[in-house]
Number of protein chains: 2
Amino acid sequence: MPHPSQPGYEPESPCHYRRALEVVSSKWTVLVFYELEEGSKRYSELKKRIEGVTQKMLTQTLRQLERDGLVKRCVYPTVPQTVDYTLTTLGLTLIEPMRILHRWTEAHYDSVLQARRAYDGRLDAADGAEPDLADAANSDSD
Amino acid sequence: MPHPSQPGYEPESPCHYRRALEVVSSKWTVLVFYELEEGSKRYSELKKRIEGVTQKMLTQTLRQLERDGLVKRCVYPTVPQTVDYTLTTLGLTLIEPMRILHRWTEAHYDSVLQARRAYDGRLDAADGAEPDLADAANSDSD
DNA sequence: CCGGATCCCCAGAGATACTG
DNA sequence: CAGTATCTCTGGGGATCCGG
């Protein structure tokens, strides 16, 4: 539990939860998880498969996951050094929650995009000209 | 890549999922959700209950949630303006996934903290045990 | 009461070069 | 191969003032 000595801390406050969200919410963490879900991967393999990640970010992400006990790092003293990464048992427990969030995405992300278009459209309309009443059939499902 | 309009993002890549994560992962979004889960709240009420949030951040967060169709904003033309916010039906569908992540937190966050201490401890030990290098023991903890 | 507009600052992400 | 080190620079977030 978070320290009650913290100022502004409320027992009900989800700041604890928010910090946990940071574990999964960072940009590359999710992508790394997706790769490691399939099994151990080497650093170069991850680098190759995760489009657009820099060494710095990949290393940083992996270090954080290692520190959090979600990923295990193994170094093999081969001639050109070899390192591979694996999800720990703790890391595996996060897969299901992530899947659920993923499923939410697939089920509702279209609605989010649609809501955005509607919202932006409303803004544009209001911006361009301000009629007393919008005559457009507003498909506001809520 | 974070931005939708940015070139070089693939529709099939989990970046789609990542973008969806952004919907919930931002610092204040979760806290707003926690408040609205209990029912409609007014702006000032949210501001008062969410410790440490600035007007800018609160407004920004609410705007984004509104744009994403997760929150409904209602303005009442009372003498001092009154505005309140409510979760939409779409917003309500997100509660369950968030709860599951929350539950993961409660079940495993101790393990994460423990892993961190172990990791940091190992680093300190490795630092101290290396006499050839700097023996200045800088005990910097989390 | 609600929130837009503005200035400022610094953590963090990218790029590049170097090392064990 | 698998990182570390350093530099730069952007933009997210805080603070403050102002407007509806």
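Just so you know, these numbers come straight off a predicted model, no measurement behind them. Labels below follow one simple rule: chain letters A, B, ... track the order of the sequence lines, proteins then strands, and each chain is numbered from 1.
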task = May I ask you to verify if any side-chain N or O of B/Arg42 is less than 4.0 angstrom from the OP1 or OP2 atom of C/dC2?
result = yes

task = Check the angle between the aromatic planes of A/Tyr43 and A/Tyr85 and answer parallel, tilted or perpendicular using the 30° and 60° thresholds.
result = tilted

task = Determine yes or no for a side-chain-to-main-chain donor-acceptor pair under 3.5 angstrom, with A/Thr82 supplying the side chain and A/Thr78 the backbone.
result = no

inquiry  = I'd like to check the side-chain contact (heavy atoms from CB on, under 4.5 Å) partners of A/Val79; sequence neighbours left out, ordered by chain and number.
reply    = none

ask   = Between A/Gln55 (CD) and D/dC1 (C1'), how many Å, whole number?
value = 12 Å

key: Between P of D/dG12 and CZ of B/Arg63, the distance in whole Å   = 18 Å

request  = Measure the angle between the two terminal helix axes of the helix from C/dC1-D/dG20 to C/dG20-D/dC1, five base pairs each, and quote it to 10°.
outcome  = 50°

message = By nearest heavy atom, map B/Thr59 and A/Thr54 onto DNA chain C; which one lands nearer the 5' end?
response = B/Thr59

request  = Give a yes or no on whether the backbone of A/Met57 and the side-chain of A/Thr61 come within a donor-acceptor separation of less than 3.5 Å.
outcome  = yes

Distance in angstrom units between B/Leu58 CG and D/dG13 P, rounded = 13 Å

request  = Could you tell me the separation between the CZ atom of B/Arg73 and the C1' atom of C/dC2, rounded to a whole number of Å?
outcome  = 8 Å

query = Looking only at atom types and distance, does a side-chain atom of A/Thr88 sit under 3.5 Å from a main-chain N or O of A/Leu70, one as donor and one as acceptor?
reply = yes

request  = Measure the distance from CG on A/Leu46 to P on D/dG3 and round it to the nearest whole Å.
outcome  = 10 Å

ask   = Taking the side chain of A/Val83 as its heavy atoms from C-beta onward, which of C/dG14, D/dA2, D/dC17 lies nearest to it?
value = D/dA2

remark   = note: B/Leu65, atom CG; C/dG3, atom P; distance rounded to Å ~ 13 Å

request  = Could you tell me the separation between the CD atom of B/Gln81 and the P atom of D/dG20, rounded to a whole number of Å?
outcome  = 12 Å

key: Sugar-phosphate, base or nothing in reach of A/Tyr85, heavy atoms under 4.0 Å   = sugar-phosphate

message = So does B/Leu36 get a backbone contact from the side chain of B/Ser40, meaning a donor-acceptor N/O pair under 3.5 Å?
response = no

inquiry  = I need the full list of salt bridge (charged side-chain N to carboxylate O under 4.0 Å, His left out) pairs touching residues 75-95 of chain B, with sequence neighbours left out, sorted by first then second residue.
reply    = none

Whole-Å gap separating P (D/dA5) and NZ (A/Lys56) = 12 Å

message = If you compare every side-chain N and O of A/Gln60 against the phosphate oxygens of C/dG12 (OP1, OP2), does one of them come in below 4.0 Å?
response = no

